[in-house]
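Report on one structure; see the data block that follows.
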Amino acid sequence: MFLQLRAEVEDALESALTRLDLPTDDLGIEEPPADVDAVLASSVAFRLAGEVGAPPPEVAAQVADEIDAAAFPYVSTVATQGPYVNFLPSDAYFADTLDAATDGDYGRLPARHERVVVEHTSANPTGPVHVGRARNPIIGDAVARVLDYAGYDVDRHYYVNDAGRQIAVFTWAYEAFDESDLPEPERDAPEYEMVRYYRKGNQFLEEADPERVESAESEIQAILQGLEDGDEETYERVAEVVDTVLDGMCDTLERLPAEFDEFVKETRFMRDGSTDDLVGRLKELDCAVYEDDAWQLDLPDFEKHLVFLRSDGTSLYTTRDLAHHEWKFENYDRAVTVLGEDHKLQADQLSAALDLLGNDTDQLSQVFYSWVNLPEGGMSTREGTGIDLDDLLDEAIDRAREEVESRLDDRTRNDLDEDDVERIAHQVGIGAVRYDIVSKQPTKGITFEWDRALDFEAQSAPYVQYVHARCCGILSEARNRASDSRAVEPRDDDVEDGVPTAPDADVLQEPEERDLLRVLARFPAVVETAADDLQPHSVATYTRDLAETFNAFYRECPVLDADPETRAARLALVAGTRHTVANALDVLGVAAPDSM
RNA sequence: GGGCACGUAGCUCAGUCCGGAUAGAGCGUCGGACUUCUAAUCCGACGGUCGUGGGUUCGAAUCCCAUCGUGCCCGCCA
């Protein structure tokens, strides 16, 4: 509704200014502060005061006079407040909001028939997923979800770096060392078992005798060369390591949840010849130079050259990534990549090179986030420093379970069985971890601290999830009472699952009811903006706003014991809130518990 | 040295891209509210030179310049 109202306000202002013979390039539309009744306002009078030769409040009055509110279904009144022109919503605005929100798909925007690929995580398959990396799947998955809600046709890709030196080291180490030389794995999972070879191999290369290191290096080099030459046996050796570790990592990522439609391997673009083809085209570019026996690009606006072919004739990660991106452009209308801030320069160079190759780089958007560090520094798979994501999630679930159980004791509730407790512990524990990360601007630095990451108070997931549980509680109670009364009186045809299908929004006149409807009305616009800006965290901000507004309604407006007409309308409002909270949390990838 | 990000209440953050109505939350502190549709809730109080200094503007947390602090990057690694 908000989107339509905004369109009406634009229309109203534009035509009014045109009739007054004033410029319409900046309508000054904004959302007024909370204590103003209007849903939208315009500050255009400030700008036009000079031109008109009158003080802003007078200009505002002229503009307001020129608008006929009756011509716009969702505008009831156009009023000035000092220099501002305020647009107040009509009854139809509230009625249609109530109606729209009771749809389970509320917040999903019409299909755009545009294919988007969201690439995220893409962590090297070298070991367990640690918390330092966890921001990528959480933000990436939320970006994919918000685009999905906004009507895009979304695919999620994990780009698998299976051709780099680290993977060659890993493959060598896996084949060279015996399990009896390794420490016990930290968990009974493939990536925890495998990472021991990786760490052992790296340690060996740093500490062993020079001759032994040299012989290891030649084996590693042979693996790299085998991949470059398209040797089938080498691919298989590497794939065994990569696939095993990746499977384990994905089990962890699924817990968030973060799932992928496709795992795109880097070697794919070596095997299908597209990297060779790309190298040929790069050499033809005007800025291509051959220096120090290597082919490089002298990119404008970049200080350093970008090497795309080594002196030994092998390709680099960036070269393959160029082929990878051209492949994305062929198959999708848009490509979004979620990357750590340390990849910023590389991403800019990639973009510049793609542009020179004749691609439309407007199709490519990159979302950057800063690393999660420990108070004592960064996390590293190779060195084994860091908090495993599995441990964080387990701890979160344990703490959530304690919370649920202590509440059970306090309230002597008997409506939850063991399965319920376990389900709630998972939803709340994982939701809290995820919400904590997705609700912040990705560019802000985060230092990991257990107590802060697992704080269930504060502005966290449980606060919002609780609103969903409350809504479900009211609705299920309404159903119970409806089924009790059905024995004596016939079921009302206008009632579905205890919720009236055609409620009368006009009876919702309490300020708390109106405020809630206003917030509900904004949800589709929030989704649209979050998708346009690739900023899912703004949806998290919205969920807090919605939860707070619902809690005020909950305090002031009894639902089940109200008179029948009010009860019906309020039930619809609760149902609408439930869908909105559930969908907003779904955009963030956070579960919405039916009870807590 | 160069580039990019970040700096808002004691702490953690919205708001900044696209300038507008007394800068909003939560935590913590202090004080209140459960015979009521779930108190993981709500209400109140205290708390801010929006890093600093200039500039643009009728108007700046928001735009520009400078400066300080922190992080990241500047490899024939990925």
Side-chain angles (χ1 to χ4, degrees), chain A residues 26 28-30 32-36 41-43 46-47 49-50 55-56 81-84 86 122 124 126 161 163-167 266 291-296 301-305 307-312 314-318 320-321 340-346 348 368 370-371 373 378 400 403-404 406-407 410-411 413 415 428 436 439-441 443-446 449 452 455-467 469-478 481 533 535 537-538 540-541 544-545 547-548 551-552 554-562 570-571 574 595-596:
Chain A
D26 185 352
I29 295 174
E30 60 192 66
D35 57 344
V36 175
S42 169
S43 59
F46 282 114
R47 231 157 290 118
Q81 191 168 338
Y84 295 95
N86 287 339
S122 301
N124 288 354
T126 50
N161 304 166
R165 177 180 155 81
Q166 290 308 323
I167 295 304
E266 202 179 336
E291 273 177 26
D292 303 325
D293 300 329
W295 278 95
Q296 329 190 357
D301 306 325
F302 289 93
E303 215 177 298
K304 300 260 173 149
H305 289 185
V307 176
F308 64 88
L309 199 63
R310 291 191 185 98
S311 48
D312 64 5
T314 60
S315 62
L316 291 88
Y317 173 85
T318 316
R320 290 165 233 137
D321 205 23
E341 61 177 352
D342 52 335
H343 285 66
K344 188 97 208 284
L345 176 65
Q346 188 215 333
D348 287 343
F368 294 96
S370 72
W371 291 100
N373 287 322
E403 291 283 331
V404 182
S406 78
R407 276 165 231 281
D410 289 351
R411 283 195 257 136
R413 284 175 57 173
D415 58 325
V428 169
D436 181 56
S439 61
K440 289 171 183 153
Q441 280 183 45
T443 45
K444 301 246 184 187
I446 295 183
E449 287 162 49
R452 193 178 295 155
D455 187 1
F456 296 154
E457 304 288 324
Q459 300 169 317
S460 65
Y463 176 74
V464 180
Q465 290 173 317
Y466 188 58
V467 165
R470 271 184 160 172
C471 289
C472 289
I474 294 172
L475 293 168
S476 94
E477 183 62 21
R481 295 191 191 179
D533 299 345
Q535 292 189 336
H537 82 272
S538 60
T541 305
R544 278 202 288 270
D545 197 12
E548 209 174 291
N551 282 327
Y554 182 85
R555 183 182 72 243
E556 296 297 332
C557 304
V559 177
L560 297 176
D561 296 328
R570 285 181 180 170
L571 269 177
V574 171
S595 59
M596 280 173 72

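Per chain, numbering begins at 1; letters A, B, ... match sequence-line order.
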I need the [atom1]-[atom2] distance between [X] and [N], as an integer number of Å.
X: Phe46(A); N: G19(B); atom1: CZ; atom2: P; value: 14 Å
X: Arg310(A); N: G75(B); atom1: CZ; atom2: C1'; value: 10 Å
X: Glu30(A); N: C18(B); atom1: CD; atom2: C1'; value: 11 Å
X: Gln81(A); N: U22(B); atom1: CD; atom2: P; value: 10 Å
X: Glu341(A); N: A78(B); atom1: CD; atom2: P; value: 21 Å
X: Met596(A); N: A40(B); atom1: CE; atom2: P; value: 8 Å
X: Asn124(A); N: A78(B); atom1: CG; atom2: C1'; value: 6 Å
X: Leu345(A); N: A5(B); atom1: CG; atom2: P; value: 13 Å

Inset, instruction - For Val404(A) and for Val36(A), find the nucleotide of RNA chain B with the closest heavy atom, then tell me which residue's nucleotide is more 5'. - result: Val36(A)
Inset, instruction - Nearest-nucleotide wise, let me know which of Ala41(A) and His305(A) is further upstream toward the 5' end of RNA chain B. - result: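 Result: Ala41(A).
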Tell me what [X] touches on the nucleic acid: a base, only sugar-phosphate, or nothing, going by heavy atoms under 4.0 Å.
X: Gln166(A); value: nothing
X: Ser43(A); value: base
X: Glu266(A); value: sugar-phosphate
X: Val428(A); value: base
X: Arg320(A); value: sugar-phosphate
X: Asp533(A); value: base
X: Asp545(A); value: nothing

Legend entry - Pairwise side-chain contact, Val428(A) with Val404(A), heavy-atom cut-off 4.5 Å (strictly under): no
Legend entry - Residue pair Asp321(A) / Leu316(A), side-chain heavy-atom distance below 4.5 Å: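 No; the side chains remain at least 4.5 Å from each other.
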Inset, instruction - Quick one, give me the B/S/- string for nucleotides 9-16 of chain B, reading 5' to 3', where B means a protein heavy atom under 4.0 Å from the base and S means that only happens at the primed atoms, P, OP1 or OP2. - result: --SSSSSB
Who passes side chain to side chain contact (heavy atoms under 4.5 Å, CB included) against [X], sequence neighbours left out?
X: Arg544(A); result: Tyr435(A), Ser439(A), Gln459(A), Thr541(A)
X: Pro558(A); result: Arg570(A)
X: Phe302(A); result: Leu299(A), Leu345(A), Asp348(A), Gln349(A), Ala352(A)
X: Thr318(A); result: Leu306(A), Gln346(A)

If you measure from the [atom1] atom in [N] to the same atom in [M], how many Å do you get, rounded?
N: A45(B); M: A9(B); atom1: C1'; value: 15 Å
N: G24(B); M: G69(B); atom1: C1'; value: 26 Å
N: G1(B); M: A66(B); atom1: P; value: 15 Å
N: G32(B); M: G48(B); atom1: P; value: 24 Å
N: A5(B); M: C11(B); atom1: C1'; value: 22 Å
N: C17(B); M: C64(B); atom1: C1'; value: 15 Å
N: G7(B); M: A14(B); atom1: P; value: 8 Å
N: A78(B); M: A23(B); atom1: C1'; value: 43 Å

Legend entry - Distance-only polar pair, side chains of Gln166(A) and Asn124(A), donor-acceptor under 3.5 Å: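 No - no donor-acceptor pair under 3.5 Å links their side chains.
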Between [options], which one does the side chain of [X] approach most closely?
X: Pro33(A); options: A21(B), C4(B), G75(B); result: A21(B)
X: Arg407(A); options: C73(B), G71(B), A40(B); result: A40(B)
X: Pro462(A); options: C73(B), A21(B), A40(B); result: A40(B)
X: Asn551(A); options: A21(B), U41(B), U22(B); result: U41(B)

Taking salt bridge (Lys or Arg N to Asp or Glu O under 4.0 Å) as the definition, give me every residue that meets it alongside [X], ordered by chain and number, with sequence neighbours left out.
X: Glu341(A); answer: none
X: Lys344(A); answer: none
X: Glu291(A); answer: none
X: Glu30(A); answer: none

Inset, instruction - Looking only at non-hydrogen atoms, find the nearest pair between Pro83(A) and Pro56(A) and report the distance. - result: CB-CB, 3.7 Å
Legend entry - Qualifying residues under side chain to side chain donor-acceptor pair (under 3.5 Å), relative to Trp295(A), sequence neighbours excluded: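 So Trp295(A) forms no side chain to side chain donor-acceptor pair (under 3.5 Å) with any residue.
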Inset, instruction - Runs of at least three consecutive Watson-Crick or G-U pairs, both distances under 3.5 Å, are what I'm after; which ones involve RNA chain B? - result: B:1-7 with B:68-74, B:10-13 with B:24-27, B:29-33 with B:41-45, B:51-55 with B:63-67
I'd like a list of close polar pairs between nucleotides 33-37 of chain B and the protein, N/O only, cut-off under 3.5 Å.
{"from": "C37(B)", "atom 1": "O2", "to": "Val559(A)", "atom 2": "N", "distance (Å)": "3.2"}
{"from": "C37(B)", "atom 1": "O2", "to": "Leu560(A)", "atom 2": "N", "distance (Å)": "3.2"}
{"from": "C37(B)", "atom 1": "N3", "to": "Val559(A)", "atom 2": "N", "distance (Å)": "3.1"}
{"from": "C37(B)", "atom 1": "N4", "to": "Tyr554(A)", "atom 2": "O", "distance (Å)": "2.5"}
{"from": "C37(B)", "atom 1": "N4", "to": "Cys557(A)", "atom 2": "O", "distance (Å)": "3.0"}

Inset, instruction - Could you go through the side-chain contact (heavy atoms from CB on, under 4.5 Å) check for Ser370(A) and Thr443(A) one step at a time? - result: CA-CA 5 Å; Ser370(A) 72; Thr443(A) 45; 6.0 Å; no
Legend entry - Phosphate OP1/OP2 of C42(B): any Tyr463(A) side-chain N/O under 4.0 Å: yes
Inset, instruction - Would you indicate, yes or no, if A78(B) has its OP1 or OP2 atom less than 4.0 angstrom from a side-chain nitrogen or oxygen of Arg165(A)? - result: no
Legend entry - Distance-only donor-acceptor test, Asn86(A) side-chain atoms vs A21(B) base atoms, 3.5 Å: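 Indeed there is one.
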Inset, instruction - Based on the glycosidic angle (syn within 90° of 0, else anti), state the conformation of C34(B). - result: syn
Legend entry - Side-chain donor or acceptor of Ser460(A) paired with backbone N/O of Phe456(A) under 3.5 Å: yes
